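Each remark here refers to the structure printed beneath this line.
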Amino acid sequence: MDGGRLNILHDGCLFSVQETAVECGASSTAIHRGIFWLGYCPKHTLSSQTVGYFVLNTGAFCELPISIFVLFQIPFHLKTFRSVSGNVTHTIIAWILTIYMLFFMILVMLRIVDIFHDNEATLLRKIIIIITLEGFFMVTFKDISGAFYQKKFQNLVDWTEKLHTVKEDNHLVQKIVDKDLEKTIKFGNILFKLYGSLVGTAVFGLMVTYVVSHFVVIKIPYFESQHKELIYLLIQEVSLFILAIWDVTSDSGIIFLGLYMLAFVKIINKMIKALSDQKAMIECPNLLLETMKKHREMIEILETFNSAIKLMSFTQLLMSTITFLTLLFSIQIDWHQFLFQMIFIVVLVELFLLCLFGEIIKCESASIFWNLYLTKWYEMSLKDQKIILIMMMNSQKEIGLKAVGMYDISLMAFIQILKMSFSYSAIILTFTKH
């Protein structure tokens, strides 16, 4: 016991138990294993689904397969440059990384000016420099765009933790929530690994291209690259490595928030379908009221999420379009360049995930109206029928993602961006040949 706190060391991870909370500080061994603590967890809510990576169940600690949460808080430090339920050190790191990336982009732009005045420079070399600048610009400004919405991200993180830490009064609702959260964690873990591998492969290919071709994409004033090529290459390799880690880490937070939003909408739909189950209604007579509360919470949290990422999503759409245009033009010039194809796939996946999420959210939220209509509302009391009617009226308003509050983020937007990129790249290629 230390100051009213019981410290338990388990497998390299220090748990401290108080009267009101359980906290965990990760040691270096725990961090190496991917174990990290998200926040507080009220003692009376501990179960096999607790937010930590270990849970208290019949007096024993059991490891949960959710090590992906190690990156859950850090992305929002990178996006807001302020502490979001975590260590201030991450905020300082975010500022340092952003300043470094901005400085690196300036060096790339200086190099672009030189290489476009160099008649001996090949077109492919010019394209590689442009793609490098576009990649750094997209990742950096996607994160900078979140700096204005720190409070909204804080609310989203708190809401996510609440899903794990607050136990529902209705055991049927709790059962549905636990099941969907478990699926979300497993799917998010798989998605993160796939996305990280894809980005890592593309960046590694670019790093190898720089080294093998002795290709310099930056210019440091008063420090010529002719006699300092090794230093230039080292700076480029380190910068690309940081870019890959930053991109995957930053996007992972948004991906997980999106998955939680989607899971929450699915939970509401399942609760609505349970309203037609006579056994469930007898077992949980207040299920309709709980469903109404969840529906109202869903509308509020989706509006908060949409507002928090509206600039980020617009930056993603704009820069993806420009990058698609550049890459499609490059592939048509030399389709043997595997590097261009790999980068194209990465940008394609990033945009597709965003548009797919917007499409699914819109479809799932729209299905709430029809699920309510298909309930046995005609067998309910007048009071319950009024509640159903209010929920149906609230469900008529389309809920979806909008870039800067204007442009729909959906699969149709994804297709339109690809069509536009293909068309304009073909036009540019035609003029280039002439």
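What you are looking at is a predicted structure, and each value in this text was computed from that prediction instead of being measured. Worth knowing before you read on, the calculation uses all heavy atoms, side chains too, and leaves out hydrogens, waters and symmetry mates.
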**Complete:** CD (E364) and CD (E359) are apart, to the nearest 0.5 Å, by 11.0 Å
**Where at least one partner belongs to residues 106-138, residue pairs that pass ring pair (Phe, Tyr, Trp, His ring centres under 6.0 Å), sequence neighbours excluded** = F104-F136, F137-F141
**Message:** When you compare the side chain of T291 with that of M391, does any pair of heavy atoms fall below 4.5 Å?
**Reply:** yes
**Whether over 12 other heavy atoms sit under 6.0 Å from F187 CZ** = no
**Prompt:** Under a 4.5 Å cut-off applied to non-hydrogen side-chain atoms, are I254 and F153 in contact?
**Reply:** yes
**Message:** Does any part of the side chain of H295, heavy atoms only, come nearer than 4.5 Å to the side chain of I272, both counted from C-beta?
**Reply:** no
**Asked** So, N189 side chain and I185 main chain: donor-acceptor pair closer than 3.5 Å or not?
**Response** no
**Message:** What I'd like to find out is whether the side chain of I176 reaches to under 4.5 Å of the side chain of K266, using heavy atoms alone.
**Reply:** no
**For T140 against W246, the heavy-atom pair lying closest together** = OG1-CZ3, 4.2 Å
**Prompt:** Out of N371, D180, V265, which residue meets the side chain to side chain contact (heavy atoms under 4.5 Å, CB included) rule with K270?
**Reply:** D180
**Request:** Could you grab the distance from atom CD1 of I131 to atom CG of L206, nearest 0.5 Å is fine?
**Result:** 8.0 Å
**Message:** Quick one, K162 with E297, criterion salt bridge (Lys or Arg N to Asp or Glu O under 4.0 Å). Give me CA distance, side-chain angles, the key distance, then yes/no.
**Reply:** CA-CA 12 Å; K162 190 183 75 171; E297 182 181 351; 3.5 Å; yes
**Message:** Before you tell me yes or no, could you show the steps for K175 and H171 under side chain to side chain contact (heavy atoms under 4.5 Å, CB included), namely the whole-Å CA-CA distance, both residues' side-chain angles and the distance that decides it to 0.1 Å?
**Reply:** CA-CA 6 Å; K175 183 179 179 181; H171 73 275; over 6 Å; no
**Message:** Main chain of V217, side chain of Q236: is a donor-acceptor contact present, judged purely on distance under 3.5 Å?
**Reply:** yes
**Item:** Any donor-acceptor N/O pair, S252 side chain to T249 backbone, under 3.5 Å
**Value:** yes
**Item:** Atom pair CG/CG of L311 and L318 - distance to nearest 0.5 Å
**Value:** 12.0 Å
**Request:** Give a yes or no answer on whether the side chain of N306 reaches the backbone of L302 with a donor-acceptor pair at less than 3.5 Å.
**Result:** no
**Flag side-chain contact, heavy atom, 4.5 Å: T323 against L327** = yes
**Asked** Taking the side chain from E350 and the backbone from V346, do they hold a donor-acceptor pair closer than 3.5 Å?
**Response** no
**Fill in**
dist L262:CG -> S365:OG (nearest 0.5 Å) comes out at 10.0 Å
**Complete:** CE of M292 to CD of E290, rounded to nearest 0.5 Å, is 9.5 Å
Could you pull out every donor-acceptor pair under 3.5 Å between side chains of residues 407-421 and any protein atom, sequence neighbours left out?
| from | atom 1 | to | atom 2 | distance (Å) |
| --- | --- | --- | --- | --- |
| D408 | OD1 | K402 | NZ | 2.5 |
| S421 | OG | I417 | O | 2.8 |

**Message:** Side chains of Q316 and K142 only: does a donor on one sit below 3.5 Å from an acceptor on the other?
**Reply:** yes
**Asked** Do the non-hydrogen side-chain atoms of L325 and I428 ever get within less than 4.5 Å of each other?
**Response** yes
**Asked** Pick one: which of F256, W159, Y260, F357 meets ring-ring contact (aromatic ring centres under 6.0 Å, His included) with F305?
**Response** F357
**Asked** Sequence neighbours excluded, which residues qualify as side-chain hydrogen bond (donor to acceptor under 3.5 Å, both in side chains) partners of K362?
**Response** none
**Item:** Full working for side chain to side chain contact (heavy atoms under 4.5 Å, CB included) between D247 and Y195
**Value:** CA-CA 10 Å; D247 185 37; Y195 179 64; 3.4 Å; yes
**Message:** Restricting to salt bridge (charged side-chain N to carboxylate O under 4.0 Å, His left out), what partner residues turn up for E168, sequence neighbours left out?
**Reply:** K294
**Message:** What I want to check is whether the side chains of E134 and T326 have a donor and an acceptor closer together than 3.5 Å.
**Reply:** yes
**Item:** Closest approach of A366 to W370 (non-hydrogen atoms, all atoms of both residues)
**Value:** O-CD1, 3.8 Å
**Message:** Determine whether a donor-acceptor pair (N or O, by modelled atom type, separation under 3.5 Å) exists between the side chain of R111 and the backbone of V216.
**Reply:** yes
**Request:** Please test I220 against I235 for side chain to side chain contact (heavy atoms under 4.5 Å, CB included), starting from the C-alpha separation and ending with a verdict.
**Result:** CA-CA 11 Å; I220 304 176; I235 293 173; 3.8 Å; yes
**Asked** With no hydrogens and no angle check, is any side-chain donor or acceptor of Y149 less than 3.5 Å from a backbone partner on T304?
**Response** no
**Item:** pair I242-M101: side-chain heavy atoms closer than 4.5 Å
**Value:** yes
**Message:** With side chain to side chain contact (heavy atoms under 4.5 Å, CB included) as the criterion, how do L328 and F340 come out once you've worked through the C-alpha distance, each side chain's angles and the decisive distance to 0.1 Å?
**Reply:** CA-CA 8 Å; L328 288 171; F340 293 152; over 6 Å; no
**Prompt:** Closest approach of A403 and S313, non-hydrogen atoms and distance?
**Reply:** CA-OG, 3.5 Å
**Message:** Minimum heavy-atom separation for R125 and S213, please, with both atom names.
**Reply:** NH2-O, 3.4 Å
**Prompt:** Roughly how far apart are K219 NZ and I115 CD1, rounded to 0.5 Å?
**Reply:** 12.0 Å
**Asked** How would you list, by chain and number, every residue that makes a ring-ring contact (aromatic ring centres under 6.0 Å, His included) with F329, sequence neighbours excluded?
**Response** none
**Message:** Within the structure provided, determine whether L194 and L198 are in side-chain contact (heavy-atom separation under 4.5 Å).
**Reply:** no
**Message:** Does either side chain, that of D143 or that of S250, offer a donor lying less than 3.5 Å from an acceptor on the other one?
**Reply:** yes
**Fill in**
Correct closest heavy-atom pair for Q332 and A426 would be NE2-N, 4.0 Å
**Item:** Pairs flagged by ring pair (Phe, Tyr, Trp, His ring centres under 6.0 Å) wherever residues 196-220 is involved - sequence neighbours left out
**Value:** none
